[in-house]
S.K.: 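Here's a structure for you.
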Amino acid sequence: MPELPEVERARALIADRALGRRIETVDDRDEWVCRPHAPGEIAHALTGATLTQAHRRGKTMWVQTDADAVLGLHLGMAGRIVVDAAADGDRPGRGEGDGDQSGEAHPRGWDRFTLRFADGGRLALRDKRRLGRVRLDPDLSDLGPDAAEVGREAFRRAVGSGTAPVKARIMDQSVIAGVGNLLADETLWRARLHPMRPAGELTAGELDQLRRELRAATRSAIRRGGVHTGELIPARRRDGACPHCGTPLERATVGGRTTWWCPEEQR
DNA sequence: ACCTATGTTGATAC
DNA sequence: GGTATCAACATAGG
């Protein structure tokens with residue numbers, strides 16, 4: 001699920017529903033998700049604090065409090081944020097409680113980290129695969145500019161170099177932050193660029209086009225509920241044909257990830 | 001049963 | 001330093 005658009009929706013959920021609430025207890029017992037913190041360390045830093053602001057850069061979120069501690073949250077590959085009974089990405093009318101996840105095999109369900117508020121509600125990181133991450137005072141210095149905000153000049157400079165395929169380049173979080181496997185494919189398809197083109201060989205015009213389509217694809221996905229609401233992504237599993245011209249899509253591994261593109265339109 | 005795939009990241013090696 | 005590969009986690013599906 002989580003690329004920049006999904007993370008932005010999670011951030012907005014926190015901003016809308018969790019700010020101003022006082023933390024009464026913290027469940028930070030999952031030592032893998034909370035590494036390198038020892039159990040109780042995050043709890044100690046946050047108990048009694050009130051959440052004040054929710055931020056995001058790329059796929060990393062951080063929540064400020066009226067204490068010194070900053071709570072860093074990363075959804076990994078399958079994580080979601082749950083506030084009270086609502087999870088980000090829920091469809092209206094279809095609530096998602098703990099439901100079938102609280103069976104005996106999973107005493108805490110898949111909630112790997114939970115803040116319980118003084119008002120009785122809660123915020124949780126729900127993550128089957130435990131590839132999400134919770135930590136205090138996260139280091140953001142290795143992240144490039146946010147993919148939804150980056151300006152034209154900064155984008156040209158950051159993306160337009162190196163011999164790696166352009167797809168790998170835009171997925172490199174230190175180059176620009178927020179692009180994952182699906183958003184990369186969707187964006188390159190919209191920009192009509194072949195994913196294997198060496199990044200350093202793109203012209204300024206192609207880089208500008210790539211940035212425009214990246215911003216457009218990102219904003220559309222945020223508005224519509226996730227990167228699966230694009231055009232290319234649903235086509236992969238539907239009929240495997242380019243939504244523009246009907247040409248069968250190609251599939252290969254690029255930058256270590258499964259990649260789909262239209263061999264007719266993407267050059 | 002066994003093998004593959006999966007929205008990410010980080011460590012490691014060349 | 002830039003690039004490529006593999007491992008970390010857990011589940012789903014052929």
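Hydrogens, waters and symmetry mates are skipped; everything else that's a heavy atom, side chains included, is used. Everything quoted here is computed from the prediction, not taken from an experiment. Proteins come first, then strands; the chains are lettered A, B, ... in the order of their sequence lines, and each starts at number 1.
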S.K.: Answer yes when A/Arg192 and A/Glu265 have at least one side-chain N-carboxylate O distance shorter than 4.0 Å, and no when they do not.
M.R.: yes

S.K.: Answer yes when A/Asp146 and A/Arg56 have at least one side-chain N-carboxylate O distance shorter than 4.0 Å, and no when they do not.
M.R.: yes

S.K.: C/dT3 P sits how many Å from A/Arg257 CZ, rounded?
M.R.: 18 Å

S.K.: Where the side chain of A/His74 is concerned, which of B/dA5, C/dA8, B/dT9 is the nearest nucleotide?
M.R.: B/dT9

S.K.: Check the distance between C/dG2's C1' and A/Asp142's CG and give it to me in whole angstrom.
M.R.: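 My rounded result for the distance is 15 Å.
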
S.K.: Do the side chains of A/Arg112 and A/Asp127 get close enough for a salt bridge, i.e. N-O under 4.0 angstrom?
M.R.: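 No.
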
S.K.: Which heavy-atom pair separates A/Thr50 from A/Gly20 by the least distance, and what is that distance?
M.R.: CG2-C, 3.4 Å

S.K.: On a whole-Å scale, what distance lies between the P atoms belonging to B/dA5 and C/dT5?
M.R.: 15 Å

S.K.: Closest to the A/Arg130 side chain: C/dA4, B/dT6, C/dA10?
M.R.: C/dA10

S.K.: Could you go over nucleotides 12-14 of chain B and give all protein N or O partners under 3.5 Å, atom names and distances?
M.R.:
none

S.K.: Is the closest basic N to carboxylate O distance between A/Arg21 and A/Asp84 below 4.0 Å?
M.R.: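 Yes, this pair counts.
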
S.K.: Can you figure out which of B/dT8, C/dC9, C/dA4 approaches the side chain of A/Met77 most closely?
M.R.: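 Nearest listed nucleotide: B/dT8.
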
S.K.: Tell me which of A/Arg129 and A/Thr60 sits closer to the 5' end of DNA chain B, going by the nucleotide each one is nearest to.
M.R.: A/Arg129

S.K.: Under 4.0 Å, heavy atoms only, any strand: does A/Arg169 hit a base, just the sugar-phosphate, or nothing?
M.R.: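 The answer is sugar-phosphate, as A/Arg169 gets under 4.0 Å only of primed atoms, P, OP1 or OP2.
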
S.K.: Can you tell whether the side chains of A/Arg11 and A/Glu8 come within less than 4.0 Å, N to carboxylate O?
M.R.: yes

S.K.: Whole angstroms only, please: what is the CZ-C1' distance between A/Arg35 and C/dC9?
M.R.: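 Between C1' of C/dC9 and CZ of A/Arg35: 9 Å.
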
S.K.: So which heavy atom on A/Glu41 is nearest to which on A/Asp28, and how close?
M.R.: N-OD2, 3.5 Å

S.K.: Using atom CG of A/Asp111 as one end and atom P of C/dA10 as the other, report the distance to the nearest whole Å.
M.R.: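 Distance, rounded to whole Å: 15 Å.
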
S.K.: Need the pair for C/dC9. Rule: Watson-Crick or G-U wobble, both distances under 3.5 Å, any strand; none if unpaired.
M.R.: none

S.K.: On the nucleotide B/dA5, are OP1 or OP2 found under 4.0 Å from the side-chain N or O atoms that A/Thr258 carries?
M.R.: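 For B/dA5, neither OP1 nor OP2 has a side-chain N or O of A/Thr258 closer than 4.0 Å.
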
S.K.: Just the rounded figure in Å: distance from C1' of C/dG2 to CG of A/Asp172.
M.R.: 9 Å

S.K.: If the P atom of C/dC6 is compared with that of B/dT4, how far apart are they to the nearest Å?
M.R.: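 About 13 Å, rounded to a whole number of Å.
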
S.K.: Ignoring hydrogens and geometry beyond distance, is a side-chain donor-acceptor pair present between A/Ser161 and A/Arg169 at under 3.5 Å?
M.R.: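 A pair is found: one side chain offers a donor N or O, the other an acceptor, under 3.5 Å apart.
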
S.K.: Round to the nearest Å and state the distance from A/Trp32 atom CH2 to C/dA7 atom C1'.
M.R.: 9 Å

S.K.: Please tell me if A/Thr163 has a side-chain N or O lying less than 4.0 Å from either OP1 or OP2 of C/dT3.
M.R.: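 Yes, such a contact exists.
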
S.K.: Can you find a side chain N or O atom of A/Lys128 that sits less than 4.0 Å from OP1 or OP2 on C/dC9?
M.R.: no

S.K.: I need the CZ-P distance between A/Arg126 and C/dC9, as an integer number of Å.
M.R.: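 Those two atoms, CZ and P, are 22 Å apart.
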
S.K.: If you check the A/Arg133 side chain, which of C/dA4, B/dG10, C/dC9 turns out closest?
M.R.: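 Looking only at heavy atoms from C-beta outward on A/Arg133, the closest nucleotide is B/dG10.
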
S.K.: Can you tell which of C/dT3, B/dT8, C/dC9 lies closest to the side chain of A/Asn181?
M.R.: B/dT8

S.K.: Write down the distance separating the P atoms in C/dA12 and B/dT9, rounded off to the nearest Å.
M.R.: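 Between the two P atoms, the distance is 23 Å.
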
S.K.: Out of B/dT8, B/dT6, C/dT11, which has the shortest distance to the side chain of A/Trp110?
M.R.: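 Within the option list, the nearest is C/dT11.
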
S.K.: Taking the basic N atoms (NZ, or NE/NH1/NH2) and the acidic carboxylate oxygens, is any pair closer than 4.0 Å for A/Arg197 and A/Glu206?
M.R.: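 A salt bridge links A/Arg197 with A/Glu206.
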
S.K.: With sugar-phosphate meaning primed atoms plus P, OP1 and OP2, does A/Gly256 contact a base, only sugar-phosphate, or nothing at under 4.0 Å between heavy atoms?
M.R.: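 No contact.
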
S.K.: Roughly how many Å is it from CG in A/Asp185 to P in B/dT8, rounded to a whole number?
M.R.: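 Going from CG in A/Asp185 over to P in B/dT8 covers 11 Å.
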
